[in-house]
2 protein chains.
Amino acid sequence: MNINQLASTRSKTAAGKDSPKVKGLNRPGEVSESIKEWIAEQRKAPGDRLPQEPDLIKTFGVSKGTIREALKILETQGLVQTRTGPGGGAFITEMPAGRARALLATHFFFKDLSIGDIYELRMSLEPELAAELATRLGEPEIAVLKQTMVVYDHPPATIDEEQRQRIAELEFHERLAEFSTNKLLGFVCSFLVSLLKDLAVCRKIYSRPNPELRERGLSYQAQLIEAFQSNDAGAAASIMKAHMASAKRLMEAQEAIVTKGFLSWENHSR
Amino acid sequence: MNINQLASTRSKTAAGKDSPKVKGLNRPGEVSESIKEWIAEQRKAPGDRLPQEPDLIKTFGVSKGTIREALKILETQGLVQTRTGPGGGAFITEMPAGRARALLATHFFFKDLSIGDIYELRMSLEPELAAELATRLGEPEIAVLKQTMVVYDHPPATIDEEQRQRIAELEFHERLAEFSTNKLLGFVCSFLVSLLKDLAVCRKIYSRPNPELRERGLSYQAQLIEAFQSNDAGAAASIMKAHMASAKRLMEAQEAIVTKGFLSWENHSR
DNA sequence: GACGTTTTAGGATGTAGCCTCTCATACCGT
DNA sequence: ACGGTATGAGAGGCTACATCCTAAAACGTC
């Protein structure tokens, strides 16, 4: 509970100009970093409360406004939430994966990612994921996967259903990512899927009929389920690798067609 | 340019209680959302400047502190940067990779990532990266890599140099990631490296002598340079794979030693 | 080219207000 | 008379505003 060691990163009493730990960071930034360190050191868990504003003001030797801006940083980063009232204050929260994906997506907003870029990673990671899951997945998880597949186990009747089927195919992989015990691997895989769901080019592709993509995807995923049921990690990995290679080829072909005309990346409104 | 329409989201002069556009969002949050909308509507590009603080205060009818918190939100999201001085203010900016990495790192703050989790991804991705670079890297890039290696081409004299060498070894891979044409692959690889640089467990590991890690790493990286110079993508990939497997084994061994003393702290549940 | 001036954000301080929780008290049904 | 529910006052704590001073960056001047 000794928060005072926190303020060690910046001693106000020192006569000369003390050097901030990280250059290019202003006061609120320093404070927010210090608070993060403190959370780690104190092994604070989500739900725990930070010291109250007056205490933080005293321990850091900064003004109320600075503390508020520091907390605003942490709040924006999804690390804390503040509440008013008695017993109120800043509470540690876990950043939801969806928010992290959204923040990350804004970073790639101007980066002009191609289908190939995305599938290069998927070809490396999804087989790894499949191999890990093959030895662990039980019937309940497999049932969830099968339930997702019923959305596209038949040819689409309308272009609208076509799109829904594409999204469902991607959600199959989202489920896999959620099942992973390696949170890092799971997050990256689900992020790649979310890119494929949201990118303008991809949405354009999904709005055109593409029977081969569905048939091949369904076939691969069915084989994958079998590999899971027989706990065959090697088979799962190689099936997934073939699945990704096939999808990459088909998607890139569609990408070429779609971008040939006029629109591609220009209308990323937000 | 007419920013006044912005303030329409909240008219202070109205007698009754006006409803904020999004419930659960306090004043700075509303203001930051409004500014984002304004940026989108005005089709502002990176480099453009937002109105100055006094103007924002007037148009939104809020106080200076509120505006500052709103700008802090946008700054944390990587959308703007502020500068002082004449012609200063908040400038729209592209989210730098470093900030994206930092935001992502906070998502994994409570996820208790292990060395193994990180290296599982590195074993998949770094060979991919090496293979891509092998056919593209020229002498100038290779010179940069060699320059990084001189930091650790000799046994460390002090424990402090030991740490600097570990960081430099990681920065070798950071350079590789920067050279990639696949921004996605490059980002993920550099993010994994940044985790290894910042994680508490890793820092503990680096503060202990570990000659084998340095020697093997140096050897692998030298072979890698040769593969780059002969444009041998296959060799580069397999060398990198062996490099990662070796590093994973050594790091996990150290992890076991370092964390042994802290097992009693495991009861930090909520 | 060094130096002072100006412009603008950065930070500190004090005060009023609002939200939420708690607890005591009154009300009501049985 | 008793127990449960509702209502209100109070206090804790963040939220926001107004004002002042400080620091930094650009720009003109000597």
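Letters go in sequence order (proteins before strands), and every chain restarts at 1.
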Which residues share a side-chain contact (heavy atoms from CB on, under 4.5 Å) with B:N210, sequence neighbours left out: B:E162, B:R166, B:E212, B:L213, B:Q254
In whole angstrom, what separates B:I57's CD1 from D:dC17's P? 10 Å
Within 45° cone and under 6.0 Å: A:R83 NZ/CZ vs A:F91 ring: yes
Rounding to a whole Å, what distance do you find between A:Q81:CD and D:dT15:P? 11 Å
Grab the two heavy atoms, one from A:A177 and one from A:G186, that are nearest each other, plus how far apart they are. CB-O, 3.4 Å
With under 30° as parallel and over 60° as perpendicular, where do the rings of B:F187 and A:F108 fit, or are they tilted in between? perpendicular
Separation of D:dC14 atom P from A:L74 atom CG, nearest Å, is 14 Å
Whole-Å distance separating the NZ atom of A:K58 from the P atom of C:dT13: 13 Å
Could A:E69 and A:R27 be called an ion pair, given the rule that one side-chain N must be under 4.0 Å from one carboxylate O? no
Is the number of heavy atoms from other residues, nucleotides or ligands under 6.0 Å of A:K111 NZ greater than 12? yes
Check the interface with nucleotides 6-10 of chain C: list each N/O to N/O pair with the protein under 3.5 Å, or write none.
unit_1 : atom_1 : unit_2 : atom_2 : d
C:dT8  : OP1    : B:Q52  : NE2    : 3.0
C:dT8  : O5'    : B:Q52  : NE2    : 3.3
C:dT8  : O4'    : B:G85  : O      : 3.2
C:dA9  : OP1    : B:E53  : N      : 3.4
C:dG10 : OP1    : B:T82  : OG1    : 2.6
C:dG10 : OP2    : B:R68  : NH1    : 2.8
C:dG10 : N7     : B:K64  : NZ     : 3.4
C:dG10 : O6     : B:K64  : NZ     : 2.8

A:E69 CD to D:dA16 P, in whole Å, measures 13 Å
